[in-house]
Structures are given as C-alpha cells and as structure tokens.
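Taking it in order: structure first as structure tokens, then the write-up.
In this chain, numbering begins with 1 at the start of the sequence shown.
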Amino acid sequence: MGGATGNAFANVLQAAGIDPEAELAREAIQNSCDAAKEGPRRVRVVFRIVALEGDAKQRFIEALSLAQGIGKRMNYVSLARDNCLAEPERPLHLLFVEDYETKGLSGDPHQRWSHFHRLLLSVGDSTKALESRATGGSYGYGKSALSLNSRLRTIVAYSAFRPDETGATARLMGCAYLDAHEFKGKQWTGRGWFGVRRAGHEIIVDPLRDEEAHAFAELLGFRSRRNEEHGTSILIVDSHAHDHQRILRGIEEWWWPRLLDQELEVVVEAEGKEYFPQPKQRQDLLPFIECYSLAVERAQPAGPHQKSDRFNRLRGLSLGGYGLQVLPADLADEFPEEKLGRVALIRSPKMVVEYAQMGRSTPAAVGVFLADSDIDDILKLSEPPNHDRWDPESRRLEVAKPDEDTAREVVRQVRKRLKDQMRKLQAQASPPRPREERRLRFLERELGALFRPPMRGDGWEGVTDPVEIRFREGPAIRPCKSDSIETFATVALRLRSDAEDDSTEAIVRVRVPVLEDDHGREGDLLQVTIEFENGNPAITGQTESEFPIELSKSEWRVFRVRSAPYDHRWATKVDVQVESQEGGS
C-alpha cells in the first residue's frame, strides 16, 4: 500500500500561509476541475456542511470504526485536542465536497497511474505536471488540504464512473493520514485504510465496490451516485471548516475568474440553506475583475489610469495579456492594503495562483495577468506544491520543454515585464476622476443611514426616524428552477421607543431592483411577492409593492419578500421604505 508516512500527506501544505478554508477551496476545486469531462462542460462543486450529535454522531463513529482504530492510538499520534473522540459532547462536523460533470476515480486502485491511486494512495506523484492538457495540480499533494481540515486527519472518498478495466463503476474508501508511530511494539506508517482486506494478504486493503460502495456511502450521509451520477464526493471527517462564510470567501478570493467565465458553479450548503459565491459583490475584488476584462480584451482602457496589452513573444512562445489600473482616490482609501500594488497571476485552470507584489502601494493600483497556453506547462512546473507562486528557480524546470533555459527565462520575463509595466503606470498615469455616483459619497452614506438603511442579513438592524427596520432573514438568494435564483428576506417593522406617538399609520414600499453594474446603479425592477404573518392576503405581481400598515412601539409587524426568478448571474438588492401617511418619511 506504499511506503510514505501519513505525515507526508499532511505536512506539505501546513506552512502555506493561507487560511485552511481558503486552502481547501483552492485544492478541492482544483482537483475537481482537473477531473472535468471532455468538452465545454461547467464543473459543479458542492460544499455541504453537516453536524451530527447524540445517537447520529455515535452511529457514524461506529460505522467507520473510528473509536476502535484511531481512538486507541490518540496518545501516540498528534491530533487536534478538540477532536470528536476526545470530546464526546462536541458535535461531529462533516464536510462533503461533491463534484459533478467530472470523470470520477476510475482505474485499478493499486496501479499508480489510476485516478483512484493518484488521489488517495500516492504522494508526490508529479505525473499531471507532464500531461499536455492544462491542469492545476501537478504534485499529487491535493489530498493534503483535505486531510489538514480534518481533526482526525481522515477522509472518505466515494466515486462513480464509467466501467473501467476492472469492471467496477463505483468505489468507496476511508483514508487516515496520521503521524508515524509505535503501537503495541510495532512501527506504523500512520497511513490507515477503511475498506476490505484482500484475502490472503495481511496489509493490502481494497476499496468497497459498486453496490456495497453505494450502500455504505448512503449510510455515512453521502448523496447517492447510483444513477450514473459520475464524479467524486470527498467526506472530511470532523472538519475544521464548518463556517460557510469563510468557505465562500475562500472560493471567491481564488476562483473568481473561472466563476465569472461560467466554467465553474459552486454551492455551499449549511443548515438547510444554499449559499453562492458572489465575487462581484466584493469591493476588494472588483478592480481585479475590471482588469481581467482588460486582459482578455472584453473591455478597452477608459483613460490613462488604465492600461492593457499583450506581451511580445519570447523565443517563439506567446506569453499572455495583462490589464492594469490606478484606483480612484475614494476607492483607494478603503481598499485593503495587502492587495495594493498586486497583480493576480492566472493560468488556464483560471484559479488565481498569487496576488503578486509587482508595484508600490502608492498610488494605489492593481492588475491581472492571464498566461497563454504556450507557457502553461512551464508555469505549472515552476509552482511549489501549494501552487502559490511562479518561481524561476524551481528545480522541476529542468524537465520543461522546449528546454530548461527557455523555461526559466519565461518565468523571469513574465514577472519582470509585469513589474515594469505596473511601475510605469504608477509613475505616469493620473488617477481617474471620481465616478459621478461617488462624488457625494459621504453625504449619500449619511442620508442612506437616515432614510434607507443598507440591507444585510444575520439579524442586522437598521434605524430610520422614527421606525426600526430589522431583517430577521436575508436579504439572500436561493435557487428556484433551472439556472434561476430568487431574492428573499423577512422584514420586521415597529416604532422606535423614542417616537412621539405610540402608534401611527404608515405606507411601506418594497422594491427589488437589478443592479446594472458593479457600482450599484439600478436597472429594471423585479416583480415581488409580499406575504404577511397576520394572515392578510399576499400581494403578488407588482414591481413596486405598496401597502398600508399600522405601526406601534409594542409590536413587530413582520412580512416576507420574495422576488420573481432571475438569471443567476445578476445581482440585486432589497429596498424597503416606510413613509407616514401624513407625509413624513
């Protein structure tokens, strides 16, 4: 079953300097994209968070024999102190990472070239680095990010695929990557397997197969892949990553290029709700997104504060294109300092490899570089195991084509030319004029807080005068049919305690506008449905719903807002206004 210790799988990414959730998002999605089916299919990845307590937790532990296996060795290996075996009262968090429109882990599990063996059993296998097709991973260390997010360093892989040379169509196997240790007088590598011991062999373990794999997967809480639902589901046991917001942020941070090009769909499920990454709602990513449009020639520079071009060929190789911009002063004041002067480096998988420091922090500027396919293999070989930079000194460039000298020069020149262009832009370009809608930004913010509170979720409370507007749920989005989504929210209103009157008659107006651009400019209004908790008939089919309401200090008036379905690529907002029937807002 191989000679590497369990540490070899987990240690490689421990010092990557990236949050565990972000590293998980980078590596798990990269594994899925590398396993995509042929053709222009969009890979779908679901991160599903489940918490088990009481009897459900105990049944899971017994099903995987965790107490009998890992539990007996906890004093001999280094595990998180708050793991589910050490703290019986703590919930057991499971994280399922499920991909679709992918090939699955086919091939003889004990042949080093098979997909199954590469993902679960081998370490440091650089076969993918030498493949001609564009891939993200190239070291065979992708499993490290998965096991690092487990307090027990344990994952379970369940996969379905077309019949392979063994005749199998599905497999399941549990894998623990623990420290090498001594136990009961024997030396152990720390690699543990949950499967079927091969007859006549003491240490060879086979995965569960076909119907047995499907049945056991369903017992552990996997979604069934019986009906040719080809792809792979990874279960991270006792996961550190159970905050859906942090997972979403990691997805947005590193995968926004592929998300924007609609080559990737990601959903995070938690507590019965679905959440979608929305990179265009991130103010720290919008300037990079604008630069990406410049780099791929979807947009042209709007003035001297922006620049885009393609680098000249080097030794017959096409390098790629870039887009750079100096940020307007009002945006620069609020932009994260750690991203100033940075260029997002991207190659064919469309994951951001690095936000590389290419310029000074002032004047504030950012950029994007998208590598051409001619140099994708060179850049892939130049990356370290955690794929977080392009290093011209990488030893693996010794095997690069067309030759080592050319490969090292390509990496050096890409970085040098980006630095030169970024610093030239910063030295010469004047910042753009503030956008019209930002000229009275301070005044708009103050008036907005008074008359139209911003809309946030998680029970955030806005205040007007003299009405309290509280969002008990949302505003948020959820899928409704096909590729459509809808916006929804639950709103509560009442008079403030310091209002002059104890009650008043008011008019409520609700709108859900589509945002036309990344700066909040409103476009068409969606039809909305208003449902009331007091049994009043719902209001449907209006783009600007208006209804009377009696407000008091002692009682919350609650209603639900739901928009008509719309394209999942659009952004919207919920606008709630309350006006006294006597004319005061």
Side chain to side chain donor-acceptor pair (under 3.5 Å) with Glu21: which of His242, Arg246, His244?
->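 When His242, Arg246, His244 are each tested with Glu21, the side chain to side chain donor-acceptor pair (under 3.5 Å) holds only for Arg246.
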Give, for atom [atom1] of [X] and atom [atom2] of [Y], the distance between the pair rounded to the nearest 0.5 Å.
X	Y	atom1	atom2	answer
Ser308	Leu425	OG	CG	11.0 Å
Tyr177	Leu148	OH	CG	11.5 Å
Leu515	Lys280	CG	NZ	10.0 Å
Ser563	Arg478	OG	CZ	9.0 Å
Asn31	Thr102	CG	OG1	10.5 Å
Asp420	Gln413	CG	CD	8.5 Å

Are the side chains of Val368 and Leu294 in touch, meaning some heavy atoms are under 4.5 Å apart?
->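 Not touching, per the 4.5 Å side-chain cut-off.
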Is there a side-chain contact between Val508 and Val491, using heavy atoms and a 4.5 Å cut-off?
->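 Answer no - side chains too far apart.
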Flag, side chain of [X] to backbone of [Y], donor-acceptor distance under 3.5 Å:
X	Y	answer
Arg562	Phe488	no
Glu98	Arg48	no
Arg347	Ile375	no
Arg408	Ser394	yes
Ser150	Leu146	no
Arg42	Leu264	no
Asp377	Ala400	no
Asp376	Ser348	yes

Using the salt bridge (Lys or Arg N to Asp or Glu O under 4.0 Å) rule, take Arg511 and Glu546 through it: C-alpha gap first, then chi angles, then the decisive distance, then the call.
-> CA-CA 9 Å; Arg511 304 157 63 249; Glu546 179 178 303; over 6 Å; no
Does one side chain, of Glu290 or Gln325, offer a donor that lies under 3.5 Å from an acceptor on the other?
->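 There is such a pair (donor and acceptor under 3.5 Å, judged by atom type) between the side chains of Glu290 and Gln325.
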Test item: side-chain donor near acceptor, Thr406 and Asp403, under 3.5 Å |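 Thr406 vs Asp403: donor-acceptor pair found between side chains.
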Enumerate the residue pairs fulfilling ring pair (Phe, Tyr, Trp, His ring centres under 6.0 Å) with a member in residues 307-326, sequence neighbours excluded, ordered by first and then second residue.
->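 Matches after skipping sequence neighbours: Phe311-Tyr322, Phe311-Phe369.
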Salt bridge present between Lys573 and Glu522 (N-O < 4.0 angstrom) =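 Yes, this pair counts.
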Please assess Arg249 against Glu253 for the test salt bridge (Lys or Arg N to Asp or Glu O under 4.0 Å), listing each intermediate value before the final yes or no.
-> CA-CA 6 Å; Arg249 190 167 183 85; Glu253 184 84 2; 5.1 Å; no
Who are the salt bridge (charged side-chain N to carboxylate O under 4.0 Å, His left out) partners of Glu252, not counting sequence neighbours?
->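 Testing Glu252 for salt bridge (charged side-chain N to carboxylate O under 4.0 Å, His left out), a comparison that skips the adjacent residues, returns Arg282.
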Give the C-alpha distance, both sets of side-chain angles, the deciding distance and a yes or no for salt bridge (Lys or Arg N to Asp or Glu O under 4.0 Å) between Glu398 and Arg395.
-> CA-CA 6 Å; Glu398 294 173 356; Arg395 290 288 300 273; 3.0 Å; yes
With sequence neighbours left out, which residue pairs that include part of residues 349-359 fulfil the side chain to side chain donor-acceptor pair (under 3.5 Å) condition?
->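 Only Trp256-Tyr355, Asp261-Lys350, Glu263-Lys350, Arg342-Gln357 qualify under side chain to side chain donor-acceptor pair (under 3.5 Å).
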